[in-house]
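Comments concern the structure below.
In what follows, every chain begins at residue 1, and chains take the letters A, B, ... in the order their sequences are listed.
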Number of protein chains: 2
Amino acid sequence: MSASEQTNWQSVHDEVLRRIHTREWKPGDQIPKEVELAEQLGCARATVNRALRELAAEGFLDRRRKAGTRVATHPVRRAKLDIPVIRLEIEGRGQKYGYGLLLTERRTPTPEICANLGVSAKSDMLHISSLHLADGKPYMFEERWVSIDTVPEIVDADLSKISANEWLVLHAPYTKGDISFSAVLASELEAKILRTHAGAPLFLMERTTWENDAGITSARLLFAPGYRMHSAI
Amino acid sequence: MSASEQTNWQSVHDEVLRRIHTREWKPGDQIPKEVELAEQLGCARATVNRALRELAAEGFLDRRRKAGTRVATHPVRRAKLDIPVIRLEIEGRGQKYGYGLLLTERRTPTPEICANLGVSAKSDMLHISSLHLADGKPYMFEERWVSIDTVPEIVDADLSKISANEWLVLHAPYTKGDISFSAVLASELEAKILRTHAGAPLFLMERTTWENDAGITSARLLFAPGYRMHSAI
DNA sequence: AGAAATATTATGTGCAGACATATTATCGTT
DNA sequence: AACGATAATATGTCTGCACATAATATTTCT
């Protein structure tokens with residue numbers, strides 16, 4: 001290796017990654033131990049440790065005490081999906097964000113929601129439907145249930161101005177969450193709201209959050225046809 | 001805070017997260033500087049630094065030199081999607097994995113693939129179609145293009161036994177990748193292959209990878225109806 | 001040989017101290 | 001007041017050292 005430049009953890013990171021990419025170190029290979037690498041690259045062990053730790057977190061390396069460090073055989077690539085507030089996602093693309101509250105009602109949850117959140121069938125809940133727009137066009141249709149037992153303050157929130165999600169982000173942080181993605185067909189009603197036709201393929205995102213096992217909210221987000229979620233890996 | 005226990009970076013991490021969750025520190029609030037926190041919690045600044053750094057990476061904190069550390073106002077939650085090899089995903093659920101090669105042909109790419117990968121229209125490429133099964137049922141239909149210019153060894157690979165993706169993972173690591181998800185309708189052909197009906201909603205994953213700007217592969221993965229991708233946040 | 005106790009080892013983490021760097025705050029000049 | 005130079009400061013990182021911990025290797029005992 002060239003060396004000569006300054007050795008910081010980032011450069012160690014890059015150098016190790018380079019050796020993996022050039023297949024100097026192949027999947028399954030054991031790489032030199034931290035002390036040796038530190039000596040080779042002219043830096044402290046702590047610096048090498050930091051670099052290798054990050055590489056392990058990124059999925060390129062497998063590390064085990066005493067056993068050493070080896071190149072991952074099945075580099076599970078981790079796509080980091082940023083799940084921003086919809087408003088910021090739209091505004092971030094330079095589009096104009098719009099939001100409309102379609103319905104709020106206070107009632108007991110459906111059996112499905114009970115199962116999702118793990119709450120009783122007699123729970124006090126808020127059911128909210130809303131539509132998010134980008135440049136005036138329907139972008140995402142949201143159907144959400146919020147537990148009033150867990151987040152009583154929600155009943156005083158003005159959900160005609162700020163979306164339930166944004167309100168929750170600011171007032172009810174969660175400790176645990178679940179998110180899933182799938183493809184579904186638009187129903188008659190959904191199609192009408194999203195201004196498309198029944199049977200159109202819709203991207204569905206379902207999110208459920210808890211605060212220490214107390215269910216907060218469960219939401220079903222239906223994106224208008226053409227939506228693509230993407231990410232770098 | 002209680003304290004008394006041993007102070008390691010993990011406990012600092014958890015304590016700070018607790019203060020955020022209990023809204024002792026609210027979104028937008030500035031939190032004590034590292035030196036103060038270290039004093040409060042009875043540990044070295046390096047330890048606090050490690051904890052806060054992780055929390056910032058997780059999206060709970062915003063940190064800036066001189067400006068200090070504050071609780072994120074819009075906690076962008078990062079869903080970490082593990083993108084494993086399909087075989088491992090299926091076997092990991094205890095199902096039996098099956099794989100069938102449907103077609104391989106060596107030809108020039110379609111304009112769409114050219115655009116995706118950024119290669120010339122006269123590139124030498126391998127076009128591969130295959131079907132992945134779980135417990136004998138169609139699970140995912142894959143249509144892939146591999147650049148022979150970038151990965152010449154692919155022509156000697158036996159793709160009837162091992163999927164192109166698995167072969168690539170082992171023999172052609174990438175430095176850059178792009179992944180996107182969307183919902184589409186099954187075409188007649190796709191429906192036939194996945195043993196469903198035309199017009200069924202399919203979850204589509206598109207992946208493209210490069211090695212230093214040299215396009216490696218572009219793949220279109222169509223999952224059978226009912227597929228759900230999920231993750232904890 | 002086989003099992004249990006013990007030693008060895010590579011990574012994991014903590015610490016104090018130092019300097020680097022990006023930003024903000026302040027001061028002086030016009 | 002506006003502007004540019006300068007000082008102050010919180011985080012970012014590196015270093016050398018020490019000890020903890022988990023896993024493996026070795027030895028000892030039956």
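Under the rule for a side-chain hydrogen bond (donor to acceptor under 3.5 Å, both in side chains), the partners of T69(A) that lie at least two apart in sequence or sit in another chain are R63(A). Annotation: salt bridge (charged side-chain N to carboxylate O under 4.0 Å, His left out) contacts of E39(B) (sequence neighbours excluded): none. S160(B) meets the side-chain hydrogen bond (donor to acceptor under 3.5 Å, both in side chains) test with D158(B); sequence neighbours excluded. The ring pair (Phe, Tyr, Trp, His ring centres under 6.0 Å) test applied to Y99(B) returns H132(B), not counting sequence neighbours.
Stem analysis of DNA chain C (Watson-Crick or G-U pairs, both distances under 3.5 Å, runs of at least three) returns C:1-30 with D:1-30.
Pairs passing the ring-ring contact (aromatic ring centres under 6.0 Å, His included) check and including a residue from residues 145-172 of chain A, sequence neighbours excluded, read H127(A)-W145(A), W167(A)-H171(A). Judged as a salt bridge (charged side-chain N to carboxylate O under 4.0 Å, His left out), the pairs with a partner in residues 129-151 of chain A (not counting sequence neighbours) are, in order, E142(A)-R144(A).
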Once base and sugar-phosphate atoms are separated, protein heavy atoms under 4.0 Å mark nucleotides 8-18 of chain D, 5' to 3', with B, S and - as BBBBBBSBS-B

Identify all side-chain donor-acceptor contacts of residues 50-57 of chain A below 3.5 Å with residues at least two apart in sequence or on another chain.
residue: R50(A); atom: NE; partner: E54(A); partner atom: OE2; Å: 3.3

